[in-house]
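Here's the structure, in structure tokens; my notes come after.
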Amino acid sequence: MISWRVGIEKGFDFSLGKNYKFMRRYIPKELWKRLLSTYNMDSYAHMWEALEQCMALFREVSAEVARQLDYPYPLYDDKISDYVIRQKAKYGVKDDEDAETT
């Protein structure tokens, strides 16, 4: 979705590289940091946090892209988010100490 945002802002007539390896060049530093934060997998607690950050980032960018391209943003987002919240309540850990004992 971030690549679509780049295309809207910079044009669709260039490549972001294989596996988006040049994306960093075309997005704000803060967005890049937020994207990288979705890869923190050193504990169960951090994995859940990364998933939540990923969902928030996707929601934000996809809503922006949808507005720019004059598409409606799908309503199923709330259902997916609610499902993940229920799964976290069922399987998630409260903090890093819990993750170490799991």
Side-chain angles (χ1 to χ4, degrees):
M1 200 48 60
I2 294 173
S3 66
W4 280 87
R5 177 182 163 179
V6 171
I8 290 167
E9 293 174 354
K10 311 282 186 190
F12 291 97
D13 57 345
F14 65 97
S15 172
L16 290 175
K18 184 177 181 180
N19 296 321
Y20 306 108
K21 67 181 176 182
F22 303 126
M23 184 179 292
R24 183 179 186 173
R25 298 177 186 175
Y26 298 100
I27 63 176
K29 285 183 183 182
E30 184 57 35
L31 181 57
W32 182 251
K33 284 182 183 180
R34 289 180 64 196
L35 179 61
L36 291 182
S37 75
T38 67
Y39 289 91
N40 189 355
M41 305 290 170
D42 62 355
S43 71
Y44 286 112
H46 287 154
M47 283 190 262
W48 280 109
E49 186 178 311
L51 176 60
E52 291 168 347
Q53 291 173 4
C54 183
M55 290 171 46
L57 183 59
F58 182 83
R59 187 179 301 114
E60 177 186 315
V61 173
S62 61
E64 179 184 336
V65 167
R67 275 192 307 274
Q68 292 286 329
L69 296 177
D70 200 28
Y71 284 106
Y73 186 72
L75 300 175
Y76 58 78
D77 178 46
D78 289 338
K79 292 179 183 179
I80 294 169
S81 297
D82 289 344
Y83 173 79
V84 171
I85 290 167
R86 288 193 312 273
Q87 296 308 300
K88 182 180 180 186
K90 186 175 181 179
Y91 300 110
V93 291
K94 296 194 184 330
D95 57 34
D96 287 334
E97 281 186 18
D98 291 341
E100 292 173 6
T101 61
T102 305

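It should be emphasised that the depicted structure is a prediction, and the values quoted were computed from it without experimental measurement.
What you find for Met41 and Ala50 is that their closest heavy atoms are CE-CB, 4.3 Å. Contact detail for Lys10 and Asp13: the closest heavy-atom pair is O-OD1, 4.3 Å. Counting all heavy atoms, side chain and backbone alike, Leu16 lies closest to Ser3 at CD1-CB, 3.5 Å. The heavy-atom pair separating Leu31 from Arg5 by the smallest distance is CD2-NH1, 3.2 Å. In this structure, Thr38 and Leu35 approach most closely via the heavy-atom pair OG1-O, 2.6 Å. For the pair Ile2 and Met23, the tightest heavy-atom approach, listed with the atom from each and the gap, is CG2-SD, 3.4 Å.
With hydrophobic clusters built from ILVMFWY side chains whose heavy atoms lie under 4.5 angstrom apart, Val65 shares a cluster with Tyr20. When hydrophobic clusters are built by joining Ile, Leu, Val, Met, Phe, Trp and Tyr residues whose side-chain heavy atoms come closer than 4.5 Å, directly or via intermediates, Tyr26 is grouped together with Leu69. Side-chain heavy atoms closer than 4.5 Å link hydrophobic residues (I, L, V, M, F, W, Y) into clusters, and following such links, possibly through other members, connects Phe58 to Val6. Following chains of ILVMFWY side-chain contacts shorter than 4.5 Å, one can reach Leu36 starting from Met1, so the two form part of one hydrophobic cluster. Criterion: ILVMFWY side-chain heavy atoms under 4.5 Å apart, direct or through other members. Under it, Leu57 and Tyr83 are not part of a common hydrophobic cluster.
In this structure, Glu52 CD and Ile85 CD1 are separated by 7.5 Å, a value rounded to the nearest 0.5 Å. Taking CG of Asp70 as the reference point, atom CD of Gln68 lies at 10.0 Å (rounded to 0.5 Å).
Panel note: side chain Ser37, backbone Arg34; a donor-acceptor pair is recorded below 3.5 Å.
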- [ ] Begin with the C-alpha distance, continue with both residues' side-chain angles, and end with the deciding distance and a verdict on side chain to side chain contact (heavy atoms under 4.5 Å, CB included) for Trp48 and Gln87.
- [x] CA-CA 10 Å; Trp48 280 109; Gln87 296 308 300; 4.2 Å; yes
- [ ] Applying side-chain hydrogen bond (donor to acceptor under 3.5 Å, both in side chains), run through Gln53 and Glu49 and close with a yes or a no.
- [x] CA-CA 6 Å; Gln53 291 173 4; Glu49 186 178 311; 3.2 Å; yes
Task: Intermediate values then yes/no, side chain to side chain contact (heavy atoms under 4.5 Å, CB included), Leu51 and Lys88 - done: CA-CA 10 Å; Leu51 176 60; Lys88 182 180 180 186; over 6 Å; no
Task: Steps toward side chain to side chain contact (heavy atoms under 4.5 Å, CB included) verdict (Arg59, Tyr73) - done: CA-CA 9 Å; Arg59 187 179 301 114; Tyr73 186 72; 3.5 Å; yes
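By the 6.0 Å contact criterion, CG on Asp82 is enclosed, its count of non-hydrogen atoms from other residues, nucleotides or ligands being greater than 12.
Residues meeting the ring pair (Phe, Tyr, Trp, His ring centres under 6.0 Å) test with Phe12, sequence neighbours left out: Trp4.
Proximity of the aromatic rings of Phe22 and Phe14 is defined here by a centroid distance below 6.0 angstrom, and this criterion is not met.
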